[in-house]
Participant: 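Take this structure first; my questions come after.
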Amino acid sequence: MLEVYVQNVDNTWFAIACTQQKIVATSFSRTQESTLSNTLSNIPFNMPVQVLHEPSNFAKSAFAILKTIYDGKEAKNKLSLITHTLPAYTRKVLKVTSAIPVGYVSSYGAIAKAVGGSPRAVGNVMAANPFVPIVPCHRVVKSDFTLGGYGGGLETKLEFLKREKRGYPYPKKITINSGYLELFPVEFVLKNLTL
DNA sequence: TGCAAACCATAAC
DNA sequence: GTTATGGTTTGCA
């Protein structure tokens with residue numbers, strides 16, 4: 001039986017679907033309803049679920065981590081995610097996306113170069129990300145540094161990136177297994193958006 | 001700039 | 001099996 005929790009922190013709703021120690025899905029949004037339905041829609045098969053109101057200790061710590069990430073801060077503790085129910089390619093893309101640090105972005109195409117497949121296939125994985133914002137799909141933008149899409153709305157994606165500004169000056173590459181991933185300072189995106 | 005064609009993993013038929 | 005669908009990219013006018 002999976003446990004699902006919904007909680008409001010500083011005017012944002014967060015939800016967690018989990019076992020005793022592991023995360024199956026997370027999300028956040030403006031309303032309790034959409035947050036809950038988002039999370040429920042990412043639960044694989046039809047695993048039985050109970051929605052609880054009093055958070056377990058594990059849920060409490062998970063909410064704290066979600067909020068830390070949401071605030072644009074470094075999360076020192078990591079949550080363990082249940083991914084074996086997801087397709088292999090999806091797992092690879094989510095894993096590489098997780099390697100993008102706060103303060104940097106990458107692009108759909110750059111991730112495709114790192115893991116194989118096409119930019120559009122990567123976009124499809126982002127759109128279906130069950131672990132928002134733990135897997136930082138908000139740090140994936142188009143190759144011209146415009147925003148691309150975001151489930152929670154582009155405004156939300158932009159605010160996220162603003163909070164993650166770190167002032168890094170240069171792009172860099174990090175090595176993934178046998179390949180590399182290109183990273184760019186968030187400022188490359190923010191600078192472009194002077195309207 | 002704008003548009004068409006190529007791209008490729010998934011989910012839905 | 002097959003098809004339709006993208007949170008894209010690239011090339012060319």
Side-chain angles (χ1 to χ4, degrees), chain A residues 12-15 17 23-31 34-35 37-47 49 66 69-70 72 81-165 171 173-174 176-195:
Chain A
T12 303
W13 288 94
F14 293 87
I23 301 291
V24 171
T26 58
S27 69
F28 72 86
S29 77
R30 226 30 208 278
T31 70
S34 64
T35 306
S37 67
N38 256 327
T39 303
L40 292 176
S41 71
N42 282 317
I43 291 174
F45 313 116
N46 291 316
M47 296 174 84
V49 160
L66 288 186
I69 297 171
Y70 181 83
L81 311 177
I82 294 181
T83 60
H84 68 268
T85 48
L86 300 169
Y89 181 77
T90 300
R91 284 205 301 271
K92 270 205 280 189
V93 171
L94 292 179
K95 186 172 180 184
V96 169
T97 303
S98 299
I100 307 171
V102 176
Y104 288 96
V105 298
S106 190
S107 73
Y108 304 97
I111 292 175
K113 274 184 203 157
V115 307
S118 74
R120 301 198 77 172
V122 171
N124 284 335
V125 174
M126 294 301 127
N129 178 16
F131 307 109
V132 180
I134 301 173
V135 173
C137 58
H138 57 275
R139 294 180 199 143
V140 183
V141 299
K142 289 200 188 185
S143 57
D144 63 0
F145 299 113
T146 57
L147 282 177
Y150 195 67
L154 291 183
E155 186 69 16
T156 305
K157 186 171 185 172
L158 178 58
E159 293 303 319
F160 238 114
L161 295 178
K162 283 183 187 169
R163 277 179 239 128
E164 296 189 345
K165 270 202 292 189
K173 294 175 182 177
I174 57 175
I176 303 304
N177 25 276
S178 81
Y180 64 88
L181 178 66
E182 284 185 288
L183 301 177
F184 308 89
V186 227
E187 281 78 0
F188 280 33
V189 176
L190 301 177
K191 196 179 299 180
N192 246 21
L193 292 177
T194 48
L195 303 175

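Just so you know, these numbers come straight off a predicted model, no measurement behind them. Chain naming here is simple, since letters A, B, ... match the order of the sequence lines and numbering starts at 1 in each.
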Participant: Surrounding NZ of A/Lys157 (heavy atoms of other residues, nucleotides or ligands, distance under 6.0 Å), is the total greater than 12?
Facilitator: yes
Participant: Whole Å only: how far is the CD1 atom of A/Ile111 from the C1' atom of B/dC8?
Facilitator: 15 Å
Participant: Nearest-Å distance, CG (A/Asp144) to P (B/dG2)?
Facilitator: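 From A/Asp144 CG to B/dG2 P: 12 Å.
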Participant: B/dC3 pairs with which nucleotide, Watson-Crick or G-U wobble, both distances below 3.5 Å?
Facilitator: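 Pair assignment: B/dC3 / C/dG11.
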Participant: Check this for me: does the side-chain of A/Tyr108 come within 3.5 Å of the base of C/dG7 through a donor and an acceptor?
Facilitator: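 Result: at least one qualifying N/O pair found.
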Participant: Select from A/Arg120 and A/Val125 the residue whose nearest nucleotide in DNA chain B is closer to the 5' end of that strand.
Facilitator: A/Arg120
Participant: If you only use heavy atoms from C-beta on, which nucleotide in C/dG7, C/dT8, B/dA11 is closest to the side chain of A/Met126?
Facilitator: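 Minimum distance to the A/Met126 side chain belongs to C/dG7.
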Participant: Within the 3.5 Å criterion, strictly below it, is a donor on A/Ser29 or A/Thr35 matched to an acceptor on the partner's side chain?
Facilitator: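 Short answer, yes.
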Participant: Take atom CZ in A/Arg30; do more than 12 heavy atoms of anything else shown fall under 6.0 Å from it?
Facilitator: no
Participant: Whole angstrom is fine here: how far is it from CG in A/Asn124 over to P in B/dA11?
Facilitator: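 To the nearest whole Å, that distance equals 9 Å.
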Participant: Hey, what do you get for OH (A/Tyr108) to NZ (A/Lys113), rounding to the nearest 0.5 Å?
Facilitator: 16.0 Å
Participant: Would you please confirm or rule out a distance under 4.0 Å between OP1 or OP2 of B/dA9 and any side-chain N or O of A/Ser118?
Facilitator: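 For A/Ser118, the contact criterion (side-chain N or O under 4.0 Å from OP1 or OP2 of B/dA9) is not met.
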Participant: Which nucleotide wins on minimum distance to the side chain of A/Val140, given the candidates C/dT10, C/dG7, B/dC7?
Facilitator: C/dG7
Participant: Hey, does the side chain of A/Ser143 come within less than 4.0 Å of C/dT8's phosphate (OP1/OP2), counting only N and O?
Facilitator: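 So the side chain of A/Ser143 is outside the cut-off, no N or O lying under 4.0 Å from OP1 or OP2 of C/dT8.
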Participant: The side chain of A/Ser107 is closest to which nucleotide in this list: C/dT9, B/dC8, B/dT10?
Facilitator: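 It is C/dT9.
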